[in-house]
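When reading the values below, keep in mind they use all heavy atoms of this one structure, side chains included, and skip hydrogens, waters and symmetry mates. Chain letters run A, B, ... following the sequence lines, proteins first and then strands; every chain starts at 1.
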Amino acid sequence: MRRAIARRAALVLALAAATGVSSRALAAGLTGSLNGDGSLTLAGSTMTFTNSGPAGGGAFVVDATSGGFFSPLVGTFATLQPLTAAAEPAGTTVSVPNWLVFSAAPTVSFTVTKLLSGILSSASCGAAPAAGQACTPAGSPLNLFNQTATSSTLSFVLEGTLVDSSSGQTAAVNAVFTAQIPTNFQTLLTTLAGSGTVKTTYSAGFAAVGNGVVIAKAFGASSVPPNGTTSLTFTLQNASPTVAQTGVGFVDTLPAGMSVATPNGLSATTCIPPGTITATAGSGTVSLAGATLAANGSCSFSVNVTVGSTLGPVLNSVTVTSTSAGTGNTATASLSVASPSVVAVPALGPGGLALLAVALALAGAALVARRS
Amino acid sequence: MAAAPRAARPAAVGAGVLNGSGALVLASSTVTFSNTTSPGGGVFLVDPSSSGSFAVLGGTFAILQALDSTTEPAGTTVSVANWLAFAAAPTWTVTLTEVLPGVFSAASCAAPAAAGQVCTPAGSPMSFTNLGASSSQVTFAIQGTAVNVVGFGVLTPVTAVFTAQFPDRSYQNVLSALGGGGSVSSTYSVTFQ
């Protein structure tokens with residue numbers, strides 16, 4: 001095992017030496033942001049990435065705006081594999097390991113799992129050029145916009161997994177690439193259709209997915225008697241380590257028979273201000289609006305609810321939204337409305353059993369004496 | 001280490017395509033351009049894909065002045081001399097003449113984030129697009145004139161388009177950060193033509 005580790009370390013060092021850089025000390029945890037830029041050559045069915053900086057470097061320069069895990073890599077290079085319509089068709093799940101590898105961190109790589117389909121319509125792709133037009137050709141990953149009548153921009157998005165083979169850590173990541181074209185997109189498409197190519201510069205950003213708001217909810221008891229009361233707690237977490245979320249809120253419609261208790265017992269209101277909580281006693285909804293969560297921030301609050309008289313399980317779901325990150329997850333809490341259990345006889349120890357035997361004997365003797 | 005000036009260059013600066021990349025910081029009323037890689041370099045790396053009169057500058061740096069909506073409001077004719085200057089060609093400059101208005105409407109600027117939305121805040125040069133509910137891009141364009149001050153002083157009109165991306169933010173999130181007095185940073189790429 002030690003020999004294997006030693007061989008692996010030697011291989012890492014050899015790779016680093018071959019690339020002309022030394023391995024950088026990396027922090028634990030694949031967190032932080034990775035930004036870079038380089039050159040892009042666009043053809044009808046391929047995108048290739050080439051060197052942007054000094055000769056001999058790779059095809060992706062790690063930018064000084066990168067942070068966290070990637071801070072030690074600023075100013076170094078990474079190599080990107082081409083993207084082809086044949087191997088990575090838009091919208092199709094694939095697995096392309098080592099699509100991006102770092103010269104200064106040979107154990108870290110990015111595996112492409114999907115080149116996302118473009119999100120625009122193709123309606124304007126053949127229109128007369130004008131500023132503000134948008135186009136995604138059918139089946140293409142490209143989002144094209146005409147910035148003016150004679151210039152345009154393009155973008156595309158990759159999904160994938162960042163892998164650190166030295167630690168075994170992985171992280172799901174989205175990558176956004178943007179570039180600009182010195183013609184309108186109609187001319188670009190004509191050039192590509194004629195087997196021509198266009199070379200330009202691009203910039204790219206990689207970020208962990210699931211960076212929106214996550215909500216969790218729970219009742220205070222798993223079982224409540226008919227018409228009983230328990231608490232209902234909402235906890236909201238901003239999953240982004242770098243970005244604050246605004247306009248956070250939800251509307252929780254309580255299930256049939258359940259209502260906000262009187263009084264409502266609203267407590268631990270760390271979600272306000274600036275958020276607003278509405279939990280009117282006797283009503284069937286609990287809502288939060290306009291809350292703000294700092295990066296990695298969280299907040300929670302509780303209200304009391306009264307269940308109905310119908311026996312059985314009760315499920316209650318709620319979906320969180322935010323102005324900044326759109327629709328988040330849906331959380332579900334459950335409880336059971338059940339009749340109170342029969343009072344259990346406490347367990348008796350040896351002394352208790354002896355006393356019970358004496359008491360029964362005395363009661364029996366008294367009963368016999370009364371009959372005689 | 002400063003890049004050495006190149007000896008042979010054509011006099012007609014502005015003919016061809018100039019590609020580059022770097023880092024930018026976006027605030028509520030300013031865009032500043034910063035160094036992307038090596039300390040001591042400029043703030044704009046001229047890409048080897050540049051062509052025409054700019055081909056000889058591939059791999060060298062240029063300095064971009066900041067944009068300020070107070071002094072260069074979108075859609076207004078201005079004159080900012082030496083807005084772009086090249087380390088390897090000190091007599092070549094680009095004078096900023098207009099920051100173009102953004103090309104979208106403001107209708108969806110405050111809507112809940114979703115893929116495909118576009119937004120240009122009123123009076124802004126920025127054109128935002130949500131590529132997902134938590135990812136977006138921004139583009140903006142300027143117009144200017146390129147000149148070689150030791151030549152015949154021929155002014156060549158140029159248009160530059162900048163693109164940048166936010167892989168973990170919707171544009172609503174970007175606008176919220178800017179509205180709160182904050183800033184966001186990203187890498188950008190740019191084409192002058």
Quick check for you: to the nearest 0.5 Å, what is the distance between S185(B) atom OG and D63(A) atom CG? 8.5 Å
Contacting moiety of S135(B), where chain A heavy atoms sit under 4.5 Å: side chain
Between V174(B) and chain A, which part of the residue has a heavy atom less than 4.5 Å away: side chain, backbone, both or neither? neither
So, do S151(A) and Q193(B) sit near enough that their side-chain heavy atoms are less than 4.5 Å apart? yes
What is the distance from atom CZ of F166(B) to atom CG of N35(A), rounded to the nearest 0.5 Å? 9.5 Å
Distance-only check: which donor-acceptor pairs under 3.5 Å involve side-chain atoms of residues 100-117 of chain B, not counting sequence neighbours?
residue : atom : partner : partner atom : Å
S105(B) : OG   : A107(B) : N            : 3.1
Q117(B) : OE1  : A114(B) : N            : 2.9
Q117(B) : OE1  : N130(B) : ND2          : 3.0
Q117(B) : OE1  : Q172(B) : NE2          : 3.0
Q117(B) : NE2  : P112(B) : O            : 2.8

Tell me, do T150(A) and T159(B) make a side-chain contact under 4.5 Å, heavy atoms counted? no
Would you say the side chains of S155(A) and Q165(B) form a donor-acceptor pair under 3.5 Å? no
Roughly how far, to the nearest 0.5 Å, is CD of Q245(A) from OG of S170(B)? 7.5 Å
Test side chain to side chain contact (heavy atoms under 4.5 Å, CB included), reference T153(A), set T129(B), T191(B), T139(B), V138(B), output is T139(B)
Taking every non-hydrogen pair under 4.5 Å, which of S186(B), G180(B), A141(B), S189(B) racks up the most with chain A? S189(B)
Out of curiosity, T187(B) OG1 to F177(A) CZ, how far, rounded to the nearest 0.5 Å? 9.5 Å
When rounded to the nearest 0.5 Å, the distance separating OG1 of T178(A) from CG of L131(B) is 9.0 Å
For the candidates N146(A), T246(A), T200(A), T321(A), which exhibits the highest count of non-hydrogen atom pairs separated by less than 4.5 Å from chain B? T200(A)
How long is the span from the OG1 atom in T65(A) to the CG atom in L24(B), to the nearest 0.5 Å? 8.5 Å
Check: V118(B) and F145(A) side chains under 4.5 Å, non-hydrogen atoms: yes
Between the side chain of N173(B) and the main-chain N/O of A244(A), is any donor-acceptor distance below 3.5 Å? yes
Ignoring hydrogens and angles, state whether a donor on the side chain of T201(A) or D47(B) is under 3.5 Å from an acceptor on the partner side chain. no
Side chain, backbone, both or neither: which part of T41(A) has a non-hydrogen atom closer than 4.5 Å to chain B? neither
Show the nearest heavy-atom pair for residues S203(A) and A164(B), with the distance to one decimal. OG-CA, 4.2 Å
Under 4.5 Å to a heavy atom of chain A? For F140(B) that would be backbone
Using atom types as modelled and distance alone, determine if a side-chain donor or acceptor of Q180(A) lies under 3.5 Å from a backbone N or O of F162(B). no
Under 4.5 Å from a heavy atom of chain B, the part of A134(A) involved: neither
